[in-house]
Engineer: 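Okay, handing you the structure first.
Below, read A as the first sequence line, B as the second, and so on, with proteins coming before strands; counting in each chain starts at 1.
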There are 2 protein chains.
Amino acid sequence: MRATVPITVNGLKTACSQCNLVELCLPFGMADSELSRLDELVGARRKVKRQQNLYRAGDPFEAIYAIRAGSFKTDVLLEDGREQVTGFQMTGEILGLDGISTETHSCNAVALEDSEVCVIAYDKLEQLSHEIDGLQLQFHKVMSREIVRDHGVMMLLGSMRAEERLAAFLLNMSQRFNARGFSSQEFNLRMTREEIGSYLGLKLETVSRAFSRFQEDGLISVQQKHVLLLDPAGLKKLIQHQQGVR
Amino acid sequence: MRATVPITVNGLKTACSQCNLVELCLPFGMADSELSRLDELVGARRKVKRQQNLYRAGDPFEAIYAIRAGSFKTDVLLEDGREQVTGFQMTGEILGLDGISTETHSCNAVALEDSEVCVIAYDKLEQLSHEIDGLQLQFHKVMSREIVRDHGVMMLLGSMRAEERLAAFLLNMSQRFNARGFSSQEFNLRMTREEIGSYLGLKLETVSRAFSRFQEDGLISVQQKHVLLLDPAGLKKLIQHQQGVR
DNA sequence: CAAGCTCGTTGACCCACGTCAACCAAAAAA
DNA sequence: TTTTTTGGTTGACGTGGGTCAACGAGCTTG
């Protein structure tokens, strides 16, 4: 069992209008005039240390969270202990949408490194959505994007072979690092082989072997969590032209 | 290539307030006073014949759809022709949410039988959500429920073995038929073994074999699309106590 | 009411990935 | 620093489910 309590809430508010993540986050695409009204939306920021939960399955739903710094994984647990990682989230991405439907969170959100989130009280979001036109649309887009992303993961899990899954995963990470101003070729993964495996429906050994295979084939260079994409086009080709199994 | 055009739009409007699907559909949980205002939401109904598309990946997004009668599947296609069924939808369920994020549908929706949907123009929904308090919340819940459902499918695909997947699928269908006033023990599936297989990340032969195995073990009785659940508890146990593979 | 379909079942065989185990490198703790 | 723990790699081997193929039962269409 991991410690759950020691989570710091710090009072210093951040204005969305002055946040450099604005073009990745909930306010993306909103007019400046609307943007300033958003500043009342973020109640507080909250720090979450590595390995700590932002929330757990079963927790009452009160707020959604925008990642200000760091990264998270979300997962679902079966009674018998099996874990399925349902996603990895980076700065600007929104956590907690699963809680709206039953007013109870249905998955766990765990920080992969020391992180910080903006707490967005859901009732305030609802209320402001009535008033600010662009906010409602943006929020709907965020939820819809999550649904589309989930369909992509189903495609991965249901129809692709191990190496295709890992290739798709690496290209996805690359694209997301790039969108955040980091290199698309070189990055450090924040999750373990086991977590990648859980996400991709594979055992950690299979993930490790696929990494090694890619390196042998000159597609990437890996050392532990450090990844260098030498041939992104090659990875893309692997997904499209490889014979599917299932 | 399948015919795409011959889809009937019929003018006769249905009031949500008089629809018997109200407690399964978007308006679920809304006050009567709010409900009557909803009637302006549904523009028209549209019939979709078996095997025809309600919409296709790439179509511009304009509306979401509530299923009035019949059933659908949604799927995603890879360039090389691989298909992943992302869901099966029944009466009262909402289709088209994937389109909001990019204003373009990202999957295909195909009728499994002759069906009928209520067309809900998205701009009208947005507008009414500003005015009717309960509507916004309900819509958010519908989207959130879809996200939670998707996580469940990821669990299936990523962490369960073939027989567990099929057991979970059958119990899910049973529960949904039951919610619609049909028997939870006996029902007719609307999809083929291949479609079930695609949804569950299995080949049709594996699905067929799992059906046969369940029948041998006295858990169900199957003949083609007709299913009789003889021992739902046994199916449940299979999911919880079986050793997971992945 | 045949003649074609499409869909489902079953068997024989095979392979991608899981399992088990040994080992090493990094990171954390002492 | 040394010790311990955690995470990653690699090999040998086993198996769940994929592949290929034959066949039969319902629908559908003429």
Engineer: More than 12 non-hydrogen atoms from neighbouring residues, nucleotides or ligands closer than 6.0 Å to CZ on B:R180, yes or no?
Structural biologist: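 Correct, the count exceeds 12.
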
Engineer: Does the protein touch nucleotides 5-14 of chain D at the base, only the backbone, or not at all? Give it as B, S and - per nucleotide, heavy atoms under 4.0 Å.
Structural biologist: --SSBBBB--

Engineer: Grab the CG-C1' distance between A:L202 and D:dG17 for me, whole Å please.
Structural biologist: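 Answer to the nearest Å: 15 Å.
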
Engineer: Please report, rounded to the nearest Å, how far the P atom of D:dG16 is from the CE atom of B:M160.
Structural biologist: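 Whole-Å distance recorded here is 16 Å.
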
Engineer: Flag the pair B:F214 / B:S221 as yes when at least one side-chain heavy-atom distance between them is below 4.5 Å, and no otherwise.
Structural biologist: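 Of all side-chain heavy-atom pairs linking B:S221 with B:F214, none is under 4.5 Å.
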
Engineer: Measure CG/B:N188 against P/C:dC7 and give the value in whole Å, please.
Structural biologist: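 Value for this atom pair: 16 Å.
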
Engineer: For residues B:Q84 and A:H151, is any side-chain donor paired with an opposing acceptor at under 3.5 Å?
Structural biologist: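 Absent: no donor and acceptor within the cut-off.
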
Engineer: Between B:R190 (CZ) and C:dG8 (P), how many Å, whole number?
Structural biologist: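 It is 14 Å, rounded to the nearest whole Å.
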
Engineer: Measure CZ/B:R161 against C1'/C:dT19 and give the value in whole Å, please.
Structural biologist: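 Those two atoms, CZ and C1', are 12 Å apart.
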
Engineer: Tell me the interatomic distance from A:L200, atom CG, to C:dG18, atom C1', rounded to whole angstroms.
Structural biologist: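 The answer, rounded to whole Å, is 15 Å.
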
Engineer: Give me the one residue out of B:E113, B:E83, B:E93 that meets salt bridge (charged side-chain N to carboxylate O under 4.0 Å, His left out) with B:K73.
Structural biologist: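 It is B:E83, the one option of B:E113, B:E83, B:E93 that forms the salt bridge (charged side-chain N to carboxylate O under 4.0 Å, His left out) with B:K73.
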
Engineer: To the nearest Å, give me how far apart NZ (A:K203) and P (D:dG16) are.
Structural biologist: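 Between P of D:dG16 and NZ of A:K203: 14 Å.
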
Engineer: Distance check needed: C:dT6 C1' versus B:L112 CG, whole Å only.
Structural biologist: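 That distance rounds to 16 Å.
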
Engineer: Does the A:R46 side chain pair with the main chain of A:V117, one donor and one acceptor, at a distance under 3.5 Å?
Structural biologist: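 Not a single qualifying donor-acceptor pair exists.
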
Engineer: Measure from the side-chain N and O atoms of B:Q240 to the backbone N and O of B:K237, and report whether any donor-acceptor pair falls under 3.5 Å.
Structural biologist: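 Not confirmed, B:Q240 side chain does not pair with B:K237 backbone.
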
